[in-house]
Amino acid sequence: MCCFCTHLHYLCNDKITTFHSTVDKIKENQPIFIQDFDYPLPDERIAKFPLAQRDASKLLVYRQGNITESRFYNLSQYLPEGCLLVYNNTRVIQARMIFQKATGARIEVFCLEPSSPSDYALSLGSTGTCVWKCMIGNLKKWKGGKLTKDIETTGNICHLQAELQDGGEGNTREVHFSWDNPEVHFAQILEHAGELPIPPYLHRATEESDKVTYQTVYSKIEGSVAAPTAGLHFTPNVFDSLKEKRIETEELTLHVGAGTFQPVKSATADEHQMHAEVIEVNRSTIEHLIRQAGHVIAVGTTSVRTLESLYYIGLHLMRHPEETTFNITQWEPYEIPSEVPSTEALQAIVQYMERSGINRIHASTRIMIKPGYTFRVVNGIITNFHQPKSTLLLLVSAFVNGNWRTLYDYALAHDFRFLSYGDSSLLLP
């Protein structure tokens, strides 16, 4: 059956299920049901560890509705001539700390994002004290009081204290950290007392090897609690092959939050609340995007969300040139119809940076890219295979015009490995 038919039919759990195509639902303003983005993913198809050679992973190439497969080290052969590859240079921090109460209760404190100072670099560079928004494991056992931990860093010993602050929702609270050695930065505390937070769906403990394999080879700006996993396939050899093909690259930063692991629990996409994530982009990168507009390939969904958020930051500045803070909301792309070309929106950011005398723009984004979304900056995506009923799968569906199931059926039938340490795909129009 043609994948562009009005109704798509697919076989799942030995039953034929019929659902309207995403395009029709958008036209009729019908809700997008998350159940339509479910698929059977056996545990054995989830890659628990990466391949020994990163770029030997399989690569599914989807172009104009056709599928071929190769290996990631051949990526440059499939990229369009003259394209610009944009990747996320964030680095995963060892954000999970375990404290032991005098009663024997084990409390897990998972640092999500800094509150005071709110800037990642400043907070990680703090000496003596800082406050972070944290996810607390076994919160019911931590009613109050301070948790303590003695930490030995390189040539330094300090006594760390963690104290709950008022407020918060669910198992998320702000935690005030303090330590008694002014020679020690908070980044050093996490490095020596924290644990790298690998995805929970791997169902295993973090191993020493994850400290290397769960970082991209180009990671450098600390702040994420999850890796931008599409980038895990890149190696120096892959970058050399890109240079040989004269494919240019740029980098940006989106610090990945724990919300990336959360499946959509609501019945429809409209009911889901996206988490905010911090983005930072250099002026030179934005100028490069303008020069190669129409040829931008994003490495990973985090790069997609950052690049598309830039468009709406530009729209803000075109309408309100005096703005200095930028927070892209979840539904902004759907509430503000626009025919402004991406080059004009991006140029508005460059002009703002010139007026302000800055070379790097900071913002936060909750943008939700779902079927019906109009891509403004991104023309191709490199991405892994995502969890069922996830916002990342919604994003993929939006880019391939609802034809995500064809990709995933192929990957399942041809022994592709799924999720963070799994294989990848190159999606092109």
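Starting from 1, each residue takes its place in the sequence as its number. Computed over heavy atoms, backbone and side chain alike; hydrogens, waters and symmetry mates excluded.
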A side-chain contact here means heavy atoms from C-beta on lying under 4.5 Å apart; do [X] and [Y] qualify?
{"X": "Val109", "Y": "Phe99", "value": "yes"}
{"X": "Val264", "Y": "Thr391", "value": "yes"}
{"X": "Ile367", "Y": "Tyr311", "value": "no"}
{"X": "Leu407", "Y": "Leu427", "value": "yes"}
{"X": "His288", "Y": "Leu84", "value": "yes"}
{"X": "Ile358", "Y": "Met353", "value": "yes"}
{"X": "Ile32", "Y": "Asp270", "value": "no"}
{"X": "Tyr352", "Y": "Glu323", "value": "no"}

[atom1] of [X] to [atom2] of [Y]: how many Å apart, nearest 0.5 Å?
{"X": "Leu254", "Y": "Glu277", "atom1": "CG", "atom2": "CD", "value": "4.5 Å"}
{"X": "Lys58", "Y": "Ser424", "atom1": "NZ", "atom2": "OG", "value": "11.0 Å"}
{"X": "Ile107", "Y": "Leu139", "atom1": "CD1", "atom2": "CG", "value": "8.0 Å"}
{"X": "Leu315", "Y": "Ser342", "atom1": "CG", "atom2": "OG", "value": "10.5 Å"}
{"X": "Phe326", "Y": "Ile361", "atom1": "CZ", "atom2": "CD1", "value": "4.5 Å"}
{"X": "Ile369", "Y": "Leu395", "atom1": "CD1", "atom2": "CG", "value": "4.5 Å"}

State whether the side chain of [X] and the backbone N or O of [Y] hold a donor-acceptor pair below 3.5 Å, judged by distance alone.
{"X": "Arg417", "Y": "Phe49", "answer": "yes"}
{"X": "Ser425", "Y": "Ile382", "answer": "no"}
{"X": "Arg63", "Y": "Tyr78", "answer": "yes"}
{"X": "Tyr39", "Y": "Asp409", "answer": "no"}
{"X": "Gln215", "Y": "Val92", "answer": "yes"}
{"X": "Asn384", "Y": "Leu419", "answer": "yes"}
{"X": "Asn74", "Y": "Gln77", "answer": "no"}
{"X": "Ser224", "Y": "Ala227", "answer": "no"}
{"X": "Arg96", "Y": "Glu195", "answer": "no"}
{"X": "Asp55", "Y": "Phe72", "answer": "no"}

Can a side-chain donor-acceptor contact be found between [Y] and [X] if the only test is distance below 3.5 angstrom?
{"X": "His255", "Y": "Thr90", "answer": "yes"}
{"X": "Arg360", "Y": "Thr253", "answer": "yes"}
{"X": "Ser420", "Y": "Tyr201", "answer": "yes"}
{"X": "Glu174", "Y": "His176", "answer": "no"}
{"X": "His316", "Y": "Glu332", "answer": "yes"}
{"X": "Tyr410", "Y": "Glu69", "answer": "yes"}
{"X": "Asp423", "Y": "Ser57", "answer": "no"}

Please name the pair of heavy atoms, one in [X] and one in [Y], separated by the smallest distance, quoted to 0.1 Å.
{"X": "Ser309", "Y": "Thr365", "answer": "OG-OG1, 2.7 Å"}
{"X": "His386", "Y": "Val396", "answer": "CD2-CG2, 3.9 Å"}
{"X": "Arg91", "Y": "Ser219", "answer": "NH1-OG, 2.6 Å"}
{"X": "Ser76", "Y": "Leu242", "answer": "CB-CD2, 3.9 Å"}
{"X": "Leu412", "Y": "Arg45", "answer": "O-NH1, 2.7 Å"}
{"X": "Leu393", "Y": "Pro388", "answer": "CD2-CA, 4.3 Å"}

Qualifying residues under side chain to side chain contact (heavy atoms under 4.5 Å, CB included), relative to Thr213, sequence neighbours excluded |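 Expected list: Pro50, Asp210, Tyr421.
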His272 and Ile34: CA distance, side-chain angles, deciding distance, side-chain contact (heavy atoms from CB on, under 4.5 Å) verdict = CA-CA 10 Å; His272 180 71; Ile34 299 303; over 6 Å; no
Start with the C-alpha distance between Arg366 and Trp331, add both sets of side-chain angles, then the distance that settles side-chain contact (heavy atoms from CB on, under 4.5 Å), and finish with yes or no.
-> CA-CA 8 Å; Arg366 294 179 181 269; Trp331 303 120; over 6 Å; no
Kindly check if the number of other-residue, nucleotide or ligand heavy atoms within 6.0 Å of [atom1] ([X]) is above 12?
{"X": "Glu44", "atom1": "CD", "answer": "yes"}
{"X": "Arg319", "atom1": "CZ", "answer": "yes"}
{"X": "Lys133", "atom1": "NZ", "answer": "no"}
{"X": "Glu81", "atom1": "CD", "answer": "no"}
{"X": "Lys245", "atom1": "NZ", "answer": "yes"}

Quick one: do Leu392 and Gln387 satisfy side-chain contact (heavy atoms from CB on, under 4.5 Å)? Show the steps, please.
-> CA-CA 8 Å; Leu392 305 183; Gln387 286 180 287; over 6 Å; no
Test: Asp43 and Lys48 ion pair at under 4.0 Å = yes
Mutual orientation of the aromatic rings belonging to Tyr87 and Tyr218 [parallel < 30°, tilted 30-60°, perpendicular > 60°] |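 It falls in the tilted class, 30° to 60°.
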Parallel, tilted or perpendicular: rings of Phe385 and Phe418 (30°, 60°) =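 Phe418 vs Phe385 ring planes: tilted.
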State which residue, out of Thr301, Thr302, Thr306, fulfils the side-chain contact (heavy atoms from CB on, under 4.5 Å) condition with Asn88.
->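 For Asn88, the side-chain contact (heavy atoms from CB on, under 4.5 Å) check succeeds only for Thr302.
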Run the numbers on Ile98 and Glu108 for side-chain contact (heavy atoms from CB on, under 4.5 Å), then give the verdict.
-> CA-CA 5 Å; Ile98 305 298; Glu108 178 183 302; 3.8 Å; yes
Tyr373 vs Phe399, ring pair (Phe, Tyr, Trp, His ring centres under 6.0 Å): CA-CA, chis, key distance, verdict = CA-CA 8 Å; Tyr373 178 86; Phe399 191 80; over 10 Å; no
Which of Ser116, Ser123, Ser126, Ser118 passes side-chain hydrogen bond (donor to acceptor under 3.5 Å, both in side chains) with Trp132? Answer is Ser123
Going through the checks in order, is the side chain to side chain donor-acceptor pair (under 3.5 Å) test met by His185 and Gln188?
-> CA-CA 5 Å; His185 299 89; Gln188 293 172 287; 3.2 Å; yes
Cation over ring face, Lys370 and Tyr334, 6.0 Å, 45° =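 Yes.
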